[in-house]
There are 4 protein chains.
Amino acid sequence: MIGTDGTAAIDLNADLGEGFGNWRMGDDAALLDVVTSANVACGFHAGDPVTMRRTCRLAAERGVSVGAHVGYRDLAGFGRRFVDVAPEELAADVLYQLGALDACARAAGTCVRYVKPHGALYNTLVHHEEQAAAVVDAVREFDPALPVLGLPGAVWLRLAAEAGLPVRHEAFADRAYTPEGTLVSRREPNAVLHDPALIAERGLTLATRGEVVAVDGSVVRLRADSICVHGDTPGAVEAARALRAGLERAGVRPRAFAA
Amino acid sequence: MIGTDGTAAIDLNADLGEGFGNWRMGDDAALLDVVTSANVACGFHAGDPVTMRRTCRLAAERGVSVGAHVGYRDLAGFGRRFVDVAPEELAADVLYQLGALDACARAAGTCVRYVKPHGALYNTLVHHEEQAAAVVDAVREFDPALPVLGLPGAVWLRLAAEAGLPVRHEAFADRAYTPEGTLVSRREPNAVLHDPALIAERGLTLATRGEVVAVDGSVVRLRADSICVHGDTPGAVEAARALRAGLERAGVRPRAFAA
Amino acid sequence: MIGTDGTAAIDLNADLGEGFGNWRMGDDAALLDVVTSANVACGFHAGDPVTMRRTCRLAAERGVSVGAHVGYRDLAGFGRRFVDVAPEELAADVLYQLGALDACARAAGTCVRYVKPHGALYNTLVHHEEQAAAVVDAVREFDPALPVLGLPGAVWLRLAAEAGLPVRHEAFADRAYTPEGTLVSRREPNAVLHDPALIAERGLTLATRGEVVAVDGSVVRLRADSICVHGDTPGAVEAARALRAGLERAGVRPRAFAA
Amino acid sequence: MIGTDGTAAIDLNADLGEGFGNWRMGDDAALLDVVTSANVACGFHAGDPVTMRRTCRLAAERGVSVGAHVGYRDLAGFGRRFVDVAPEELAADVLYQLGALDACARAAGTCVRYVKPHGALYNTLVHHEEQAAAVVDAVREFDPALPVLGLPGAVWLRLAAEAGLPVRHEAFADRAYTPEGTLVSRREPNAVLHDPALIAERGLTLATRGEVVAVDGSVVRLRADSICVHGDTPGAVEAARALRAGLERAGVRPRAFAA
């Protein structure tokens, strides 16, 4: 995307702070040198308060924007299992997580700058009207100017836009796309790409032309305010680094969409 | 205590929002008509997000100040068991609870106006220097002007004062006092008073003269910014009502110490 | 149903031990004098270990059979929210709950004598093949001779029967039935009956003739090994008592289906 | 120790199954090839039901004895924080964990063969009479013939012996000892040894002569039925392997103390 100052820029986001208590997950230190936006777990699917504070502090030190990675209350399932929670309960759960993370962020000299749902909630909000409306309500109650980040076409982003929340879209450089611009299910072979060079190239095309090559070879137009990168495998971190390096070489500046 | 406007006034505080999920506890509706300050559970020892939001809304509607009733992370023990948590962890846990409740309070049109520790944390902070310092750090990081409420003589209130936090003291109209001005242990017989008329009389003496009659008959001077009332038994609610009625008849206005 | 000794008998079951920590729910003492089978919560949706032990002890003292009331891991939702848990995880969760309750029951001189799913799991197992198979696997691994209790027609009972588990069916004297013999949804008016005399009469007809009058007036045949009673309201306990008294007056002996 | 068959043998135990949900900890696969007894987390400080079942299955396949590694209910603190839990509650918590793990073990064709407390509970039971008595009560109620494993001199082992439970003692090949035979605190430098060769040598001396060289150079006699090894660092696994290899070269057979 072309920034208001005429230079090309793109946000890079990743999930961070996904440990809990004595348990660690992912290579936060490595990712924080790659991304411009950190989706920080808020304690419901991962992320104890100590981890949240530390992650916010590290992000703030690097100028990385803190986003609230809100999820279902499900530590045992890491927020990856759909929970048929009533709208009133989901709205309260999200509001609670937003406030908790914001306190940690403010103690680190920053604040929550956007919201991105995690795991099963992320997937559910693509189509589930009631839960989508509940999350939008919670975000608006917390801060009616807080940007939300999600998948193009998601129901919850439509509702967020109708509610006046700034809507940002993300794309994936390491995921295969259908000709319709949706993600190929992880159950399909080749749904996830692993080649760092290919991922870097696709990321650059997303950032500069807003396009991605679908599984049938067709070119799909995708609006991407942010590219999501992963750090859960050594290869993923390497690919994220390659993606960033490729963007910088091409003159595309990694820049947080909300700062 | 005599207010700045020359009229006598006193705060009345009680623990509220102590349900969790499907479980209820106490008579919140009754207490909210008696008190001027609500110590609202923040999810660690009690209080799910739906309950927190509802309690904040009810408090806001009645002009009752919302305080953060922070506790150990111990739902199974209702926060009544000492946990030897490291200072860094306790500080993060308190900061997290403050932020979570504040988000609920702000959605209800108010905000967290003071902090009061719950249960075993309340008792521990009377003497435990490290945990006391951790809680003070957390409150100061959240808001360096946020009042703290506790027992006269508690270590954590001394540290809070040194850190510049406004310190408020509470007294108990339904508890027996030693000649030294400390509470008689609940393990002693007669540690807790049940007669509504006697409780009302003691509350009035606390509010107007800052005095309480100790178990040996001596008169102890006690600074009380707030009187703590209880609602966990039908008799307790009745006593709280009698206390408030007695104050009002004597021209002492129930007024939140932080509003 | 007519017992092997020629006398009429029926089981009465109720949910018990549904407190958690400091929170209480239901009138266990009253229900234990009415029922012959106690569905005891196992810690995942309700029921801390102290409550579980106490409930097993009280049941054992009264000769009431202990059943495992297994549920989703969801204290905040009281197990009433569907969780899309993978079969392997659900099987392990159920096995864990069975073992935990059995240890409590054995310490009380008895043991787990049957299994009945709780809440959202109960409803899900009526139709969800994968979760149904997982629960059946868990029960069989725990004890291939352990009876299972559920709704006639439920998928999980069919799978349980195929797996060789003894299958028992329950009916509801306080719920309206469709002409097809299924329960009228709680969302419909009149889905739940409240008149103790009517509930007692329907219970007697269920126990002696295996019949219930549906909402359209037709008579539906229902095999009932057990009648489920409730204790979550004062009226419910009264109705349960009336039901038992009616059965006894008619010569139908309340008797556990598994003892 | 010299076995009843005249050959030298010693047990090797390690903590296993310490993941939770999506989080992993330690190298279980490597340790299971080294030890003869597996202390398996039971869900209160670590160990979800899926992990418990898998760990039991892997242990059973290798002929490794399953022990219940019971802990405080404290996932966020990994059971490493003292909790001032009442005896009745602790006893119920331990009984619950024993039953839950036993069900997982039995589904794997084995059963719980001993009990070893974890973390802060391990340390507390060395001196805390009330909590010690509670744990002994729970073990006895679960199985009055179940062996308990702990530190020589611990209060809870004295009470266990008085209650008729088989008592087994463990020693540490990678920890420094005082001349009195107690462990040097981890806060001291050199409290933990890291040199695999030295650890192997100390383990062999413990196994064959029941002796260890203390920090002042004196020789301390220690009864060791089992040597505790660790797997939380790559070096620890290497040291554990060296210890086992050294024992086997010297003709000391690694053998579970309870099988």
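Protein chains get the first letters and strands the later ones, always in sequence-line order, with residue 1 at the start of each.
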**Request:** Name the option with the most non-hydrogen atom pairs under 4.5 Å to chain A; the candidates are B:G43, B:A107, B:A103, B:C42.
**Result:**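 The residue among B:G43, B:A107, B:A103, B:C42 with the greatest pair count is B:A103.
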Inset, instruction - Measure distances from B:R73 to the heavy atoms of chain A and classify the residue's part below 4.5 Å as side chain, backbone, both or neither. - result: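 Interface part for B:R73: side chain.
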Checklist entry - Between A:K116 and A:E170, is there a salt bridge with N-O shorter than 4.0 Å? => result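 Salt bridge present between A:E170 and A:K116.
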- Between B:R53 and A:E88, does at least one N-O distance fall below 4.0 Å, as a salt bridge requires?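 Salt bridge absent between B:R53 and A:E88.
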| message | Students often mix this up, so state it plainly: with edges at 30° and 60°, are the rings of A:H118 and A:F78 parallel, tilted or perpendicular? | response |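 Plane angle over 60°, so perpendicular.
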Would you call A:F142 and B:C104 a side-chain contact if the rule is heavy atoms closer than 4.5 Å? no
In terms of heavy-atom pairs under 4.5 Å with chain B, which of A:D48, A:D93, A:D102 leads?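 Of the candidates given, the most pairs with chain B belong to A:D93.
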query = Taking A:A91, A:A138, A:P49 one by one, which has the highest count of heavy-atom pairs under 4.5 Å against chain B?
reply =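 Among A:A91, A:A138, A:P49, the one with the most close pairs to chain B is A:P49.
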